[in-house]
Amino acid sequence: MTTASSETPTERVPGRAWTVRITGHSDRTASVSCSTSACRMPPRSKDVASLRAFAARHAAAHAKAATVRPHAWCHCGSQHCAAHPEATAHCAGAVLLILRHDPTVGRVWSVEEVCEACAPLLAHTSVLARAASPRRRTAQPATAAARSTGAAPATRPSVPGGFSSPATGPTEAESRTAPARRSRRAPQRTRRRRSGQGR
């Protein structure tokens, strides 16, 4: 089965991960490697500090170039959450781009797409980016539409206080003319009743 060819934006895609690693050698030199084979790495060197600086910059470059995908599977979950075996969690929430790096060891930098549930359980993790939620994108036009149609509440104050039903004043023109007509007729009715009562 090949699902990659029929992939749509709503289908889940595997979470990505980039790992930059410093490896020491017996001749007291070290080398930097990246899980992306196309990346160019510096040659072996005894200057471990400069190699660490390069590794940190290289991991940051991967994070900067990556766009977090909202429909990505949690990379940690795809590894059966082996990075936090003591705390079990069900993958859920938005997709985050995280950087995992233990400064005390200082040999491995991992940039991963994980879920909100797994991210707090991973040690030495910092959140770099959050995927834009499709629901938030659709909610913005909805709120904008609500604001544009929100002119209705502005017409409510023009409805006279004597009206209890909003259906009696559907338009501004009617709400303006209706009080004038009733205010003219109302005194005539009261005068006739008063005159009748006087007789």
Side-chain angles (χ1 to χ4, degrees), residues 1-26 29-45 47-143:
M1 292 178 62
T2 57
T3 57
S5 59
S6 62
E7 183 180 292
T8 62
T10 57
E11 293 177 348
R12 290 285 188 176
V13 293
R16 297 168 296 177
W18 298 268
T19 303
V20 183
R21 187 184 307 271
I22 294 179
T23 305
H25 303 284
S26 58
T29 61
S31 60
V32 182
S33 62
C34 181
S35 58
T36 304
S37 58
C39 294
R40 294 182 179 180
M41 297 290 107
R44 284 190 184 188
S45 173
D47 189 358
V48 179
S50 63
L51 292 178
R52 285 181 180 174
F54 172 85
R57 289 193 306 269
H58 189 74
H62 274 296
K64 187 176 180 180
T67 301
V68 192
R69 303 167 301 173
H71 302 295
W73 284 109
C74 175
H75 177 73
C76 179
S78 67
Q79 303 297 316
H80 306 288
C81 297
H84 55 89
E86 67 285 347
T88 58
H90 296 287
C91 292
V95 182
L96 306 177
L97 188 69
I98 63 164
L99 171 65
R100 294 174 56 199
H101 174 67
D102 186 354
T104 58
V105 179
R107 292 185 179 180
V108 180
W109 292 258
S110 296
V111 178
E112 304 173 8
E113 286 178 318
V114 300
C115 69
E116 279 182 321
C118 287
L121 303 177
L122 299 171
H124 309 290
T125 300
S126 57
V127 177
L128 303 177
R130 178 183 298 266
S133 175
R135 292 180 182 177
R136 291 179 183 176
R137 290 178 182 175
T138 57
Q140 289 176 355
T143 54

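Just so you know, residue 1 is the first one in the sequence shown, and it goes up from there.
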Practice item. Could you grab the distance from atom CZ of Arg44 to atom CG of Leu51, nearest 0.5 Å is fine? Key: 11.5 Å

Practice item. Drop me the distance from Arg130's CZ to Glu116's CD, to the nearest 0.5 angstrom. Key: 4.5 Å

Revision key, fill the gap. d(Trp18 CH2, Leu97 CG) to nearest 0.5 Å is 6.5 Å

Practice item. Show the numbers, then the answer: is there a side chain to side chain contact (heavy atoms under 4.5 Å, CB included) between Glu113 and Cys74? Key: CA-CA 6 Å; Glu113 286 178 318; Cys74 175; over 6 Å; no

Check your understanding: Mind checking whether His58 and His62 have parallel, tilted or perpendicular rings, split at 30° and 60°?
Key -> perpendicular

Check your understanding: Quick check: does any side chain N or O of Glu112 sit under 3.5 Å from a backbone N or O of Ala17, one acting as donor and the other as acceptor?
Key -> no

Practice item. Please say whether more than 12 non-hydrogen atoms of neighbouring residues, nucleotides or ligands are located less than 6.0 Å from CZ in Arg69. Key: yes

Check your understanding: Can you tell me if Ser45 uses its side chain to pair, donor with acceptor, with the backbone of Asp47 under 3.5 Å?
Key -> yes

Check your understanding: Looking only at heavy atoms, what is the nearest atom pair of Leu122 and Ala83, with distance?
Key -> CD2-CB, 3.4 Å

Review point. Which pair of heavy atoms, one from Ala59 and one from Leu99, lies closest together, and at what distance?
Key: CB-CD1, 4.4 Å

Study note, to complete from the structure: All heavy atoms of Val95 vs all of Pro70, minimum pair found to be CG2-O, 3.6 Å

Review point. Within the side chain of His101, is there an N or O that forms a donor-acceptor pair under 3.5 Å with the backbone of Val108?
Key: yes

Check your understanding: Got Pro14 and Ser78 here, is their nearest side-chain heavy-atom distance under 4.5 Å?
Key -> no

Point to revise | Heavy-atom pair of closest approach, residues His84 and Cys76 | key: NE2-SG, 3.3 Å

Exercise for review: Using atom types as modelled and distance alone, determine if a side-chain donor or acceptor of Arg21 lies under 3.5 Å from a backbone N or O of Ser33.
Suggested key: no

**Study point:** Under 3.5 Å donor-acceptor, Thr125 side chain and Ala123 backbone
**Key:** yes

Review point. Are Thr104 and Asp102 close enough that a side-chain donor and a side-chain acceptor fall under 3.5 Å?
Key: yes

Point to revise | side chain to side chain contact (heavy atoms under 4.5 Å, CB included) assessment of Thr19 paired with Trp109 | key: CA-CA 6 Å; Thr19 303; Trp109 292 258; over 6 Å; no

**Study point:** Ile98 and Leu128: CA distance, side-chain angles, deciding distance, side chain to side chain contact (heavy atoms under 4.5 Å, CB included) verdict
**Key:** CA-CA 5 Å; Ile98 63 164; Leu128 303 177; 5.8 Å; no

Practice item. Could you pull out the closest heavy-atom pair between Ala89 and Ala117, with the gap in Å? Key: CB-O, 4.4 Å

Review point. For Arg16 and Trp73, what are the C-alpha separation, side-chain angles and deciding distance, and is it a side chain to side chain contact (heavy atoms under 4.5 Å, CB included)?
Key: CA-CA 9 Å; Arg16 297 168 296 177; Trp73 284 109; over 6 Å; no

Exercise for review: Could you pull out the closest heavy-atom pair between His25 and Ser31, with the gap in Å?
Suggested key: NE2-OG, 2.8 Å

Review point. Do other residues, nucleotides or ligands put more than 12 heavy atoms under 6.0 Å from His80 NE2?
Key: no

Point to revise | Heavy atoms from other residues, nucleotides or ligands near NE2 of His90 exceed 12 (cutoff 6.0 Å) | key: no

